[in-house]
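One structure is given here, and the rest of the page talks about it.
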Amino acid sequence: AQKITQTQPGMFVQEKEAVTLDCTYDTSDPSYGLFWYKQPSSGEMIFLIYQGSYDQQNATEGRYSLNFQKARKSANLVISASQLGDSAMYFCAMKPLYGGSQGNLIFGKGTKLSVKP
Amino acid sequence: EAQVTQNPRYLITVTGKKLTVTCSQNMNHEYMSWYRQDPGLGLRQIYYSMNVEVTDKGDVPEGYKVSRKEKRNFPLILESPSPNQTSLYFCASSSNGIAYEQFFGPGTRLTVL
């Protein structure tokens with residue numbers, strides 16, 4: 001069975017510093033995609049970054065990068081130069097890329113990030 | 001504007017009274033899905049649909065029904081709501097294919113008394 005684990009229920013980071021949000025996963029699918037979403041206090045879900053299991057390089061999107069370590073089954077999100085607006089819940093998610101269950105997106109329980117001024 | 005819309009945004013109802021939460025997307029996406037979000041549990045998938053007339057169960061389908069008669073609409077039906085279905089519900093859509101992120105609706109906060 002697929003599973004996403006986010007071990008940090010809450011984290012604090014000083015403004016302008018970098019922060020790493022942990023995500024480990026478990027799957028038997030040979031090909032899968034990993035996603036990170038941000039949920040601010042207003043409630044909407046905002047897509048941040050994607051990493052495919054077959055990708056050779058770590059994904060980057062602006063201040064967001066994904067530290068993908070396939071052998072360790074980890075997909076940590078790194079936010080550089082934190083801003084006050086980064087305060088939010090962050091969810092890691094995974095889905096198989098092929099096969100009958102490719103629609104089954106599994107989420108972790110989330111990490112609440114608070115950025116201190 | 002490309003978007004996923006849900007209605008209603010807020011709903012308070014009583015146990016056993018059938019209700020439908022509508023979801024519509026204007027991006028011609030093949031894939032649509034419903035999630036519920038509960039404190040400390042993250043988002044859990046209820047049902048998803050890879051295309052018209054194709055639906056499948058997610059992780060927590062009990063007590064819910066869906067239909068996909070048109071590409072743009074994917075309503076969530078609670079035939080006999082119970083208090084344990086009090087939750088925040090999200091509809092999402094995406095193109096089929098690898099690497100496509102899901103676009104989420106604004107959410108529907110449901111309270112069942």
Side-chain angles (χ1 to χ4, degrees), chain A residues 1-10 21 23 25 29-55 57 59 61 64 66 68 89-112, chain B residues 1-6 9-10 23 25 27 29-52 54-61 66 68 74 87-110:
Chain A
Q2 296 181 335
K3 186 177 181 180
I4 292 281
T5 302
Q6 295 180 253
T7 58
Q8 308 150 312
L21 306 183
C23 173
Y25 60 91
D29 290 294
S31 299
Y32 49 89
L34 295 154
F35 303 78
W36 276 91
Y37 284 85
K38 172 184 178 182
Q39 186 180 41
S41 58
S42 50
E44 70 267 32
M45 295 289 289
I46 303 167
F47 167 75
L48 295 178
I49 196 167
Y50 166 83
Q51 177 85 43
S53 62
Y54 47 83
D55 291 338
Q57 292 189 323
E61 289 286 348
Y64 303 108
L66 201 152
F68 180 48
M89 281 290 287
Y90 289 82
F91 292 99
C92 180
M94 174 180 67
K95 70 168 186 171
L97 296 183
Y98 303 101
S101 59
Q102 64 176 288
N104 196 7
L105 184 64
I106 304 295
F107 281 82
K109 295 182 179 181
T111 295
K112 185 173 183 178
Chain B
E1 178 189 357
Q3 60 182 350
V4 179
T5 57
Q6 293 178 229
R9 294 289 313 279
Y10 303 91
C23 173
Q25 50 92 6
M27 295 170 277
H29 285 163
E30 296 87 3
Y31 175 90
M32 298 185 75
S33 181
W34 276 102
Y35 300 88
R36 60 177 290 172
Q37 183 178 12
D38 302 290
L41 297 179
L43 280 80
R44 294 179 292 168
Q45 193 172 46
I46 303 170
Y47 271 95
Y48 62 93
S49 169
M50 301 296 285
N51 214 323
V52 175
V54 180
T55 63
D56 208 346
K57 296 178 181 179
D59 293 317
V60 288
V66 293
R68 187 90 182 273
F74 191 44
S87 187
L88 177 60
Y89 291 86
F90 286 100
C91 180
S93 74
S94 73
S95 294
N96 272 347
I98 61 176
Y100 285 112
E101 77 272 20
Q102 294 189 22
F103 293 85
F104 282 79
T108 294
R109 188 164 292 280
L110 172 65

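Model, not experiment: these values are computed from the prediction. A, B, ... follow the sequence lines: proteins, then strands. Residue 1 opens every chain.
A:Ile4 does not touch chain B: none of its heavy atoms, backbone or side chain, sits under 4.5 Å away. Contacts of A:Gln51 with chain B are absent, with no heavy-atom separation under 4.5 Å from either backbone or side chain. Within the 4.5 angstrom heavy-atom criterion, only side-chain atoms of B:Phe90, from C-beta onward, approach chain A.
A:Thr5 places none of its side-chain heavy atoms less than 4.5 Å from the side chain of A:Lys109.
When B:Leu88, B:Leu43, B:Asp59, B:Leu41 are compared by the number of non-hydrogen pairs under 4.5 Å with chain A, B:Leu43 comes out ahead. Ranked by heavy-atom pairs under 4.5 Å with chain A, the first of B:Gly107, B:Gly58, B:Pro39, B:Gly40 is B:Gly40.
Under the salt bridge (charged side-chain N to carboxylate O under 4.0 Å, His left out) criterion, B:Asp38 pairs with B:Arg36, B:Arg44, sequence neighbours left out.
Aromatic ring centres of A:Phe47 and B:Phe103: separated by at least 6.0 Å. Aromatic pair A:Tyr32/A:Tyr25: ring centres closer than 6.0 Å. Note: A:Phe107 and B:Tyr35 meet the aromatic proximity criterion, with ring centroids under 6.0 Å apart.
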